Structures are given as C-alpha cells and as structure tokens.
Protein chains: 2
Amino acid sequence: MTDSRTYHHGDLRRALLAAALEAIDEVGPAALSLRDLARRAGVSHAAPAHHFGDKAGLLTALAAQGFDLLAQALTAADGDPLEAGVAYVDFAVTRRAYFEVMFRPEFYRADDAELIAARARAGAVLRAGVAALPTGSAPVDPGRDALAAWSIAHGFATLWLAGVLPDRVGDNPRDAARTVLRRLAT
Amino acid sequence: MTDSRTYHHGDLRRALLAAALEAIDEVGPAALSLRDLARRAGVSHAAPAHHFGDKAGLLTALAAQGFDLLAQALTAADGDPLEAGVAYVDFAVTRRAYFEVMFRPEFYRADDAELIAARARAGAVLRAGVAALPTGSAPVDPGRDALAAWSIAHGFATLWLAGVLPDRVGDNPRDAARTVLRRLAT
DNA sequence: TCCTAATCTTGTCATTGACAAGATGTCACT
DNA sequence: AGTGACATCTTGTCAATGACAAGATTAGGA
C-alpha cells in the first residue's frame with residue numbers, strides 16, 4: 001500500500017501519525033508542519049485534513065495513542081511502584097514525541113472524548129502502581145502520596161528531556177531515575 | 001517615550017519583552033508571533049529583528065531574564081527548603097510565561113552566554129536551598145537529594161500548568177505544593 | 001555642524017494552515 | 001455487471017508569518 005502510483009494511499013492515517021512521530025523527534029511538536037508530514041507520506045498537502053481536520057486534530061490522536069502506550073508501559077511494571085516510576089521516565093525518554101505532546105494541552109483538543117478516556121485509563125494504572133508505596137510513619141493521605149510520586153517521576157522526566165540536568169547524572173535515564181526515585185520510596 | 005508619534009520608540013526592547021509575556025500567557029510560546037508583538041508595541045513588523053535578530057533571540061532573552069527572576073524568588077525563601085519548593089511552584093504558576101520558555105530549549109539558543117550564566121545563578125540558589133533538607137537514615141548523596149527535590153517541585157509545577165491534576169488538589173498552588181512537597185521533606 | 005551608528009520602515013519572498021472545489025477510487029446494493 | 005453514494009486524495013487559493021534587504025529617520029559625539 002506504500003505504492004506511490006496508486007491514487008489512494010491505503011493507510012494514510014497511520015502513515016501520517018508515524019511521520020509525525022519522526023518529525024516531532026526532529027523539530028519538536030511546535031515546529032511540526034502538516035505539509036511536511038504530507039511530503040513524508042508522499043501525498044498532497046491537503047490530504048492530512050481529511051483524516052484529522054487540522055493540526056490540533058492530529059496531535060489529539062497522537063496524545064490519545066500516547067496515553068494508551070503509557071498505560072501499557074506502566075502495567076508492565078506490575079506491582080513494583082519504584083519500577084513503575086522508572087517505566088514512566090523510560091517512556092518519556094524513549095517515546096519522547098508522544099510524551100511531549102501528551103502534556104501540552106495547548107496543542108490539542110483537551111475535550112476530545114477518546115483522549116479523555118485514554119488519559120483516564122493511564123491515570124488509573126498510575127494510581128494503582130503507586131498504591132503499594134511504603135508509607136511514612138504518620139497517617140497518610142494516599143492521594144497525596146500518589147501526587148508526590150507522579151510529580152517526582154514527571155519532574156525528573158521533564159528535566160531530563162529539557163536537557164538541563166547536570167552531566168553528573170550520566171546518560172542512562174533508567175538508572176538515574178531509579179536512584180532519584182528511591183529517595184521517595186524509602 | 002511611549003509617544004507613538006515619534007519615529008523611534010525609545011524603549012522598544014523592553015516593550016517587546018513585556019508584550020511577549022502577555023502574548024505567551026494568551027496563546028503559549030509556540031504560537032507567539034513577532035508581528036503580533038510589533039503590533040502590540042505599535043511599531044512595524046520588522047522592528048523586533050533589530051533588537052533580537054529572530055524569534056529564538058527574543059525567547060533567549062526572555063529565558064535568561066526568567067532564570068534571574070527565579071533565582072530571586074528562591075532567594076526570598078532563604079533557608080527553608082520546603083518554602084523554596086513552594087516558591088518554585090509559585091514562580092511557575094504566577095510567572096507562567098517565563099517558566100514555559102525557560103524549560104523548552106528548542107525555543108531558544110541554549111548556547112547563549114547570558115542565558116547560561118543566568119541559569120547557573122539560579123542553579124546555585126536552588127542547590128543551596130535544598131542543602132538544608134533533612135536526610136534519611138541511610139548515608140545520602142546530597143546531589144541525589146537535590147535532584148529529587150528539584151524533580152518533585154518541577155514535576156508538580158509542570159503538571160499543574162498542564163492542567164492534568166485532579167480537581168481534588170484545589171485551586172491554590174502554594175497550599176497544594178506544600179502538602180505534596182512535605183512528602184519528601186519528612 | 002556633520003557624520004556615523006543605531007533604530008525603525010517599507011517591500012519582498014518562501015512557507016504554512018486552512019478552506020473550497022473537483023478528481024479518483026471503493027464498496028454496497030441491485 | 002452496473003450504478004450511485006461516499007470516502008479519499010488533488011489542485012488551487014488566501015491570509016498570516018519569519019526572515020531578509022534596502023532605505024528613511026533619529027541620536028549623539030567629533
């Protein structure tokens with residue numbers, strides 16, 4: 001179906017999303033160009049509009065897909081809250097394009113039903129992953145603990161992606177994340 | 001000097017930075033338009049180029065100014081690491097435009113000397129603020145503790161700005177941050 | 001005064017997002 | 001097989017933008 005001689009592409013929607021991931025990795029979500037995606041997919045400049053309406057539509061689809069992939073990644077670290085945090089950071093780094101779109105609501109339609117559902121699924125997995133965290137001595141608010149855990153993992157991931165962490169942390173995000181996250185898990 | 005009848009603006013650089021803060025608060029840093037800033041300042045569309053070269057130049061100046069303001073805000077919470085964290089979150093929320101640019105290196109020139117200096121100043125204040133954190137029972141790596149503290153504050157601030165936190169956290173970022181950050185400070 | 005540099009303007013070009021209208025392919029139904 | 005409705009893709013167009021070039025205006029010192 002990648003035969004460029006056919007009038008119909010055959011799988012353009014998927015091809016555009018894949019091209020978007022590449023493009024975002026290269027230039028970031030802000031500089032993403034629909035026309036560039038069309039060129040990458042070998043179709044005309046107006047073809048993307050049919051599948052996504054506009055740029056926000058495409059990024060909405062990407063974000064929804066990203067939340068599902070994140071839920072999947074967190075599920076893999078079943079039971080171990082520390083490893084769930086590591087998986088969160090790992091997702092942000094290895095699937096950077098998804099992550100960068102997911103947490104920038106100004107790029108997509110935050111009221112999209114499919115997106116809201118996907119985000120809710122990821123949120124449920126995330127809260128479940130944190131539930132097994134060892135609590136302090138004082139009576140704790142589980143909501144607060146989940147927020148703290150989410151914050152530290154999200155913050156470390158964001159700072160890593162922003163490239164502002166000192167060189168000392170090394171180049172292995174999983175190991176670095178585990179070291180930092182352990183500060184909360186003890 | 002704000003007299004629009006004069007050929008020279010008089011304080012265009014400052015006016016453009018102020019207009020940029022407004023515009024970013026309205027549409028975000030990605031959708032920022034130099035021509036819109038020029039209109040807001042009452043000058044021609046090419047006037048900004050003389051002061052900042054291009055868009056990245058303007059955002060570089062904004063980011064550098066932001067790091068200095070952050071350092072200033074952190075210094076105000078002198079000595080108390082918990083309040084330093086609260087001040088960090090408060091800065092992100094109340095001076096959102098600065099914060100959103102500062103941690104998106106793809107928007108500006110990360111090799112700018114003035115920016116690097118400002119960021120180093122802010123980093124020094126941040127590390128100093130965390131130094132007084134109560135350590136756990138085990139022998140600790142102060143660098144790790146600083147990273148954990150930075151991560152949790154930065155993560156909470158980022159999640160707050162992204163608007164993905166549950167309604168339960170309320171609408172007061174300072175109080176909410178204090179509650180979450182205490183999880184690390186005990 | 002004059003002159004040099006800084007500041008701002010006008011004009012231009014390629015790129016982009018969005019929209020409209022038309023061409024082509026696909027598929028269900030007869 | 002034939003046909004019509006719909007999905008998919010194309011071509012054409014427009015306003016907005018970033019960047020650049022060249023010229024006008026002003027400020028401030030020799």
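A quick note: this is a predicted structure, and the numbers were derived from the prediction, not measured. Any value given below was found using the heavy atoms of this structure, including those in side chains, with hydrogens, waters and symmetry copies removed.
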Worksheet item: Quick one: A:L37 CG to C:dT16 P, roughly how many Å, whole number?
Response: 10 Å
Practice prompt. Take atom CG of B:L12 and atom C1' of C:dT9, then tell me their distance rounded to the nearest Å.
Written response: 12 Å
Practice prompt. Report yes if the distance between the aromatic ring centroids of A:F156 and B:H154 is under 6.0 Å, otherwise no.
Written response: no
Worksheet item: So which of residues 26-36 of chain B are in contact with DNA chain D, with a heavy-atom cut-off of under 4.0 Å?
Response: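 Hits under 4.0 Å, by residue number: B:L32, B:S33, B:L34, B:R35.
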Can a donor-acceptor pair be found, under 3.5 Å and without considering hydrogens, that links the side chain of [X] to the backbone of [Y]?
X: B:R183; Y: B:T179; result: no
X: A:R121; Y: A:D68; result: no
X: A:K55; Y: A:L32; result: yes

Fill in: Close approaches to DNA chain C from residues 44-62 of chain A, in residue order (heavy atom, under 4.0 Å)
A:H45, A:A46, A:D54, A:K55
Item to complete: Report which part of the nucleic acid B:R13 touches: base, sugar-phosphate, or nothing (heavy-atom distance under 4.0 Å, all strands).
Response: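 If one applies the 4.0 Å heavy-atom cut-off, B:R13 turns out to touch nothing in the nucleic acid.
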Scan the side chains in residues 21-30 of chain A for donor-acceptor partners under 3.5 Å anywhere in the protein, sequence neighbours excluded, and list what turns up.
residue, atom, partner, partner atom, Å
A:E22, OE1, A:R40, NH1, 3.3
A:E26, OE1, A:R40, NH2, 2.8

Item to complete: May I ask you to decide if the ring planes of A:F99 and A:Y88 are parallel, tilted or perpendicular, using 30° and 60° as cut-offs?
Response: perpendicular
Worksheet item: Quick one: which of A:R95, A:R174, A:R178, A:R96 gives a salt bridge (Lys or Arg N to Asp or Glu O under 4.0 Å) with A:D90?
Response: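 Passing option: A:R174.
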Worksheet item: Taking NZ, NE, NH1 and NH2 as the nitrogens, is one of them in B:R109 or B:D54 under 4.0 Å from a carboxylate oxygen of the other?
Response: yes
